[in-house]
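Report on the structure given below.
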There are 2 protein chains.
Amino acid sequence: MATISEVAERAGVSTATVSRALNGKDSVDPALAGRVLAAADELGYRPNGPARNLRKQETAVLALIISDVENPFFTAISRGVEDVAHDAGYSVVLCNSDDDPDKEREYVEVALQERVAGVLLSPAGRGDSAEKLRAHDTPVVAIDRPLPRSGGDTVLVDTRLAAREATLHLAEQGYRRLGCLTGPEGVPTADDRLAGYRDGLRAAGLDSGELVRRSDFKATGAAEAAHSLLAERQPPDAILVANNAMAVSVLAALDELGMRPGRDVGVVAFDDAPWTVLIDPPLSVVAQPAYDMGATAAQLLLGRIGGDHTETTVTTLSAHLVPRGSSRSG
Amino acid sequence: MATISEVAERAGVSTATVSRALNGKDSVDPALAGRVLAAADELGYRPNGPARNLRKQETAVLALIISDVENPFFTAISRGVEDVAHDAGYSVVLCNSDDDPDKEREYVEVALQERVAGVLLSPAGRGDSAEKLRAHDTPVVAIDRPLPRSGGDTVLVDTRLAAREATLHLAEQGYRRLGCLTGPEGVPTADDRLAGYRDGLRAAGLDSGELVRRSDFKATGAAEAAHSLLAERQPPDAILVANNAMAVSVLAALDELGMRPGRDVGVVAFDDAPWTVLIDPPLSVVAQPAYDMGATAAQLLLGRIGGDHTETTVTTLSAHLVPRGSSRSG
DNA sequence: AACTGCTGAGAAAACGATTGCTCGCCGATG
DNA sequence: CATCGGCGAGCAATCGTTTTCTCAGCAGTT
């Protein structure tokens with residue numbers, strides 16, 4: 001692969017001039033610039049990224065640390081991130097933390113080491129990843145979940161409010177024993193949705209005892225939790241499910257037990273998906289603006305990278321309830 | 001951020017010794033090595049990635065160029081890639097080409113410029129991206145789709161055979177007018193599935209005329225195509241759908257027309273998903289080993305990066321038909 | 001004609017690591 | 001006692017850019 005000196009030699013100028021010409025910097029004699037461009041073209045010259053990064057002390061790379069790309073919610077986020085990053089000439093490295101604080105830490109180390117321009121982080125636990133990043137002057141934007149300590153830029157969904165709303169909706173539809181299936185303790189979204197569920201119960205004047213189960217945010221763990229919930233002596237007549245993957249397990253469990261969503265057990269789940277309207281009855285959901293979250297967070301991060309030193313912000317996008325058949329007892 | 005010279009100074013040794021000690025190279029006096037490690041630790045030293053990359057003339061980064069992470073099939077692939085890359089100490093940059101050859105080309109340029117160690121490519125069209133990469137000695141592994149020209153390493157699914165099998169299955173179930181909804185012309189998987197469909201028709205001794213529609217591989221475009229297909233003067237009594245996103249549109253279209261999958265129109269779709277068993281009747285699918293494809297391809301690529309110069313290989317994983325209710329007329 | 005500004009290009013110094021080469025020092029051998 | 005061999009550490013070159021500094025040359029002013 002051709003280097004800048006080869007281009008310089010071929011164009012009969014110095015490397016400095018080549019660099020300037022290629023970067024459209026300063027004023028370079030148009031004739032020379034033309035020669036340079038031509039020479040670069042003929043040699044198929046591509047500047048060496050690492051060299052440039054070393055010299056400029058910056059890279060055009062963002063790290064995106066999420067729990068799992070296979071979760072459609074994070075998939076949409078990552079698409080949003082990638083789109084705006086790409087438009088700005090940045091690349092995105094994808095990191096699956098699996099909600100494991102150790103893996104998260106490890107990825108943060110890599111990000112630091114590679115001197116990425118910024119990090120989009122969906123924090124797994126109460127770790128201090130974000131602080132370590134900021135300690136090294138790497139801009140961070142938290143996404144979907146707030147940072148444990150300290151306030152960095154954050155893009156959230158008012159998930160607690162949405163959970164409350166969904167719970168109230170179930171109550172309004174006549175369900176009385178409302179259960180909740182949420183994610184692991186310590187994961188903010190899981191806890192917030194649970195809190196919102198409790199808000200809703202209180203607002204509706206209901207008290208279900210503790211019809212609550214936790215599992216990982218995945219389908220496998222949720223299956224067991226769903227069965228356990230439905231096997232209560234006094235089982236719930238409606239369930240708020242904290243994400244899409246778990247909803248699949250809940251619906252499967254109901255099916256196995258010969259129970260029909262809506263009629264027998266009301267169901268509202270977080271995260272919309274194309275298939276939710278295909279099932280009978282269609283699944284009521286809390287739709288989250290995942291793509292926009294990714295895009296917004298990326299924009300924010302690029303702003304910080306660009307030297308924006310204004311106060312850190314917390315952007316809260318709103319989720320909205322999409323009531324469908326699975327939460328209508330009629 | 002501390003540099004190697006600061007560590008060297010603090011430990012009272014040369015940078016060379018620090019480098020060797022930190023990389024566990026050669027023989028360094030254990031006492032010195034201890035001092036170095038301690039110094040590095042106290043300073044929170046992380047080697048500067050770009051500098052190291054420049055010097056070593058290599059990076060620990062793979063580029064993954066796929067059409068769209070929001071497609072669950074590619075999501076699973078990317079997860080497979082990321083897992084094995086991570087285990088090997090590599091990072092993955094994610095690139096969505098949207099099946100646009102220009103965008104693909106652009107990403108290839110970036111990959112070249114950043115001197116990534118290798119590229120996993122799901123080629124969009126009949127472009128020459130792979131050749132350009134190989135011309136610059138960047139290892140490439142094609143994934144899901146063969147390379148237009150030239151044979152580089154490739155990881156495929158025997159999609160044509162699977163389509164044939166699915167078609168025969170529909171025929172066996174008693175359907176007679178088999179239609180096919182596939183992807184854009186020129187996308188190998190789309191063409192292969194169509195070819196497999198035709199193979200199946202021939203093998204079954206059926207001739208449906210041309211009950212074929214093409215659309216992009218997305219839900220929106222597929223909706224129109226599905227309606228058009230079902231509005232034929234003599235509409236199909238079964239449809240082979242070439243991917244998951246399009247299947248959603250087909251099922252939605254059937255629902256709108258008051259037709260029941262299986263009973264009125266048999267349906268088999270490519271790509272399994274958690275929700276396919278939740279609908280009534282459950283959706284028959286051709287399940288593809290997407291995660292394994294990603295993992296396999298990444299392993300292959302890492303092998304090439306490691307200097308494996310043996311003949312290029314074509315790995316064909318097999319998809320398997322999962323017959324469910326949507327293809328039983330009974 | 002001498003001096004001042006100004007423009008534009010080249011020389012060379014970074015950036016921060018890795019690594020080939022050199023060299024000092026040690027004990028061992030002839 | 002002189003030399004040799006080997007070990008371990010440092011010096012300095014190197015990777016390919018960008019960018020500061022310097023300087024040559026030219027035009028304009030007095």
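Every chain is numbered from 1, with letters handed out A, B, ... down the list of sequences. Not measured: the values here are computed from a predicted model.
Between A/Asn23 and D/dT18, a side-chain N or O to OP1/OP2 separation shorter than 4.0 Å is present. Proximity of A/Thr3 to the phosphate of D/dG16: no side-chain N or O atom is located under 4.0 Å from OP1 or OP2.
Between the side chains of B/Arg55 and B/Asn48, no donor-acceptor pair of N or O atoms lies under 3.5 Å. In this model, no donor atom of one side chain and acceptor atom of the other lie less than 3.5 Å apart for A/Ser78 and A/Thr75. Between the side chains of A/Asp153 and A/Thr313, at least one donor N or O lies within less than 3.5 Å of an accepting N or O.
B/Arg35 has its CZ atom 13 Å from the C1' atom of D/dG8, to the nearest Å. Between B/Asn53 atom CG and D/dT17 atom P the separation is 15 Å, expressed in whole Å. Between the CE atom of A/Met1 and the C1' atom of D/dC15 there is a distance of 15 Å, given to the nearest Å.
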Determine all donor-acceptor pairs shorter than 3.5 Å in which one atom belongs to a side chain in residues 79-90 of chain B; sequence neighbours excluded.
{"unit_1": "B/Arg79", "atom_1": "NE", "unit_2": "B/Asp83", "atom_2": "OD1", "d": "3.1"}
{"unit_1": "B/Arg79", "atom_1": "NH1", "unit_2": "A/Asp68", "atom_2": "OD1", "d": "2.8"}
{"unit_1": "B/Arg79", "atom_1": "NH1", "unit_2": "A/Asp98", "atom_2": "OD1", "d": "2.9"}
{"unit_1": "B/Arg79", "atom_1": "NH2", "unit_2": "A/Asp98", "atom_2": "OD1", "d": "3.2"}
{"unit_1": "B/Arg79", "atom_1": "NH2", "unit_2": "A/Asp98", "atom_2": "OD2", "d": "2.7"}
{"unit_1": "B/Arg79", "atom_1": "NH2", "unit_2": "B/Asp83", "atom_2": "OD1", "d": "3.1"}
{"unit_1": "B/Glu82", "atom_1": "OE1", "unit_2": "A/Tyr107", "atom_2": "OH", "d": "3.3"}
{"unit_1": "B/Glu82", "atom_1": "OE2", "unit_2": "A/Tyr107", "atom_2": "OH", "d": "2.4"}
{"unit_1": "B/Asp83", "atom_1": "OD2", "unit_2": "B/Tyr291", "atom_2": "OH", "d": "2.5"}
{"unit_1": "B/His86", "atom_1": "NE2", "unit_2": "A/Glu106", "atom_2": "OE2", "d": "2.9"}

Would you mind writing out the side-chain donor-acceptor pairs for residues 32-40 of chain A within the sub-3.5 Å range, not counting sequence neighbours?
{"unit_1": "A/Arg35", "atom_1": "NE", "unit_2": "A/Ala11", "atom_2": "O", "d": "3.0"}
{"unit_1": "A/Arg35", "atom_1": "NH2", "unit_2": "A/Ala11", "atom_2": "O", "d": "2.9"}

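Residue B/Asp29 is the one, among B/Asp29 and A/Lys56, whose nearest nucleotide of DNA chain D lies closer to the 5' end (criterion: closest heavy atom). Along DNA chain D, the nucleotide nearest B/Val13 and the nucleotide nearest A/Asn48 are compared for position; the residue whose nucleotide lies closer to the 5' end is B/Val13. Between B/Thr17 and B/Leu54, the residue anchored nearer the 5' end of DNA chain C, judged by the nucleotide with its closest heavy atom, is B/Leu54.
Taking only side-chain atoms of A/Arg20, from C-beta outward, the nucleotide of D/dT18, D/dC15, D/dT19 with the closest atom is D/dT19. The B/Arg55 side chain lies nearest to D/dT14 when the options are D/dC11, D/dT17, D/dT14.
On the nucleic acid side, DNA chain C contacts chain B at distances under 4.0 Å to non-hydrogen atoms, with the end points of that region at C/dG16 to C/dG20.
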- Task: For B/Val61 and B/Glu114, run side chain to side chain contact (heavy atoms under 4.5 Å, CB included): C-alpha distance rounded to whole Å, both residues' side-chain angles, the deciding distance at 0.1 Å, then the answer.
- Result: CA-CA 9 Å; B/Val61 176; B/Glu114 294 306 318; over 6 Å; no
